[in-house]
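As C-alpha cells, the structure follows; a few thoughts come after it.
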Amino acid sequence: YPWHCDHMGHMNVMWYVGKFDEGTWNFFSHLGVTPSYMRSNSRGMAAVDQRIAYQHELHAGDSVAVRTGVIEVREKLVRFFHEMRDTETDEVSAITMLVAVYMDTLARRSCILPEAVAERARQHVVDYKLPW
C-alpha cells in the first residue's frame, strides 16, 4: 500500500520486518507453539538474532509472499529464514534469518523445546544459501 512506502517510493524497512514477523508467528503456530499454548504453559519465543538482506525493492501495489524454512534445530532454539518474493515476478525481495529461543516466561530463562515441536521443525530443514 502507498502508506507502506518511504519518501523514495519504496516499501519502508518497518513493513518488511512486520511482514516477516507475521510469517514468524504463523510458522510457530504450525510448529505447535500457538498463542494459547504459550499462555497456558508459561512459554514464549524470544528472537536473539535477526538479519535482513534487501534484494529487490518493492513498491505500492506489489504483492508479496513469505516462505519459511528451517536451517537448524537445537535443544533450546530454532534457526530459520523467511524469503519474501514479489508474487508477480517471483524475484526475491528480502531474506531474513532469525534465531528464536524457547523460553520459560515465569523463570525468564531458556528451556528445552518440546520434542513434538522440535520434530515438526526438523521436518522443515532445508539447504538454503543465506546471503551473509
Side-chain angles (χ1 to χ4, degrees):
Y1 293 105
W3 57 87
H4 292 160
C5 297
D6 58 23
H7 61 284
M8 295 183 299
H10 304 132
M11 189 165 79
N12 185 274
V13 296
M14 70 183 273
W15 296 102
Y16 285 90
V17 173
K19 290 178 188 311
F20 283 141
D21 188 55
E22 291 168 4
T24 295
W25 290 111
N26 280 302
F27 174 59
F28 288 164
S29 287
H30 178 73
L31 297 181
V33 186
T34 63
S36 60
Y37 172 86
M38 289 187 283
R39 283 189 295 269
S40 64
N41 292 282
S42 301
R43 294 296 183 257
M45 298 295 289
V48 296
D49 188 9
Q50 180 173 6
R51 301 171 201 181
I52 300 176
Y54 300 97
Q55 305 287 312
H56 179 75
E57 294 288 356
L58 290 168
H59 301 91
D62 290 345
S63 178
V64 299
V66 174
R67 298 178 183 133
T68 305
V70 174
I71 299 165
E72 175 184 27
V73 180
R74 295 198 335 225
E75 183 179 66
K76 298 180 180 183
L77 66 80
V78 178
R79 188 162 63 112
F80 61 99
F81 69 92
H82 296 302
E83 179 185 77
M84 185 182 299
R85 288 184 176 264
D86 181 315
T87 59
E88 182 179 356
T89 66
D90 204 37
E91 288 183 285
V92 174
S93 300
I95 301 163
T96 189
M97 184 279 303
L98 297 109
V99 177
V101 174
Y102 189 64
M103 301 286 299
D104 177 323
T105 57
L106 296 177
R108 307 293 296 162
R109 299 181 58 95
S110 63
C111 57
I112 296 172
L113 283 164
E115 185 52 40
V117 171
E119 181 54 36
R120 278 188 224 111
R122 284 186 204 99
Q123 292 171 5
H124 297 283
V125 172
V126 295
D127 185 22
Y128 189 83
K129 183 163 174 47
L130 294 168
W132 302 278

Name each donor-acceptor pair under 3.5 Å that joins a side chain in residues 112-123 to protein atoms two or more places apart or in another chain, with its distance.
| unit_1 | atom_1 | unit_2 | atom_2 | d |
| --- | --- | --- | --- | --- |
| Glu115 | OE2 | Arg122 | NH1 | 3.0 |
| Glu119 | OE1 | Arg122 | NH1 | 3.4 |
| Arg120 | NH1 | Leu31 | O | 2.1 |

Main-chain N/O of Ser63 paired to Thr87 side chain as donor or acceptor, under 3.5 Å: yes
Pairs under 3.5 angstrom only: tabulate donor-acceptor contacts from the side chains of residues 43-54 to other protein residues two or more places apart or in another chain.
| unit_1 | atom_1 | unit_2 | atom_2 | d |
| --- | --- | --- | --- | --- |
| Arg43 | NH1 | Asn41 | O | 3.4 |
| Arg43 | NH1 | Asp104 | OD2 | 3.3 |
| Asp49 | OD2 | Arg51 | NE | 3.4 |
| Asp49 | OD2 | Arg51 | NH2 | 2.9 |
| Gln50 | NE2 | Thr96 | OG1 | 3.3 |

Approximate separation, where rounding is to 0.5 Å, of Ser93 OG and Arg85 CZ: 9.0 Å
Path from Val70 to Leu130 over hydrophobic side-chain contacts below 4.5 Å: no
Pairing residues for Tyr128 by the ring pair (Phe, Tyr, Trp, His ring centres under 6.0 Å) criterion, not counting sequence neighbours: Phe81
Approximate separation, where rounding is to 0.5 Å, of Thr68 OG1 and Met84 CE: 10.5 Å
ring-ring contact (aromatic ring centres under 6.0 Å, His included) pairs, two or more places apart, involving residues 97-127: His30-His124
Pairs involving residues 5-21, ordered by first then second residue, that meet side chain to side chain donor-acceptor pair (under 3.5 Å) (sequence neighbours left out): Asp21-Trp25
Between CG on residue Leu98 and CG on residue Leu77, distance to nearest 0.5 Å: 12.0 Å
Within one Ile-Leu-Val-Met-Phe-Trp-Tyr cluster: Trp132 and Phe80, side-chain cutoff 4.5 Å: no
Hphob cluster co-occupancy, Met97 + Val126, side-chain heavy atoms under 4.5 angstrom: yes
Trp3: ring pair (Phe, Tyr, Trp, His ring centres under 6.0 Å) partners, not counting sequence neighbours: Tyr1
CD-SG distance between Glu57 and Cys5, expressed to the nearest 0.5 angstrom: 9.5 Å
Aromatic centroids of Tyr37 and Phe28 separated by under 6.0 Å: no
Side chains of Met11 and Asp62 in contact at under 4.5 Å (non-hydrogen atoms): no
Side-chain heavy atoms of Thr24 within contact of His82, under 4.5 Å: yes
Heavy-atom side-chain proximity of Gln55 to Glu91 below 4.5 angstrom: no
Hydrophobic cluster identity match, Val99 and Val78, side-chain contacts under 4.5 Å: no
Common cluster, Phe27/Val125, ILVMFWY with side-chain heavy-atom separation under 4.5 Å: yes
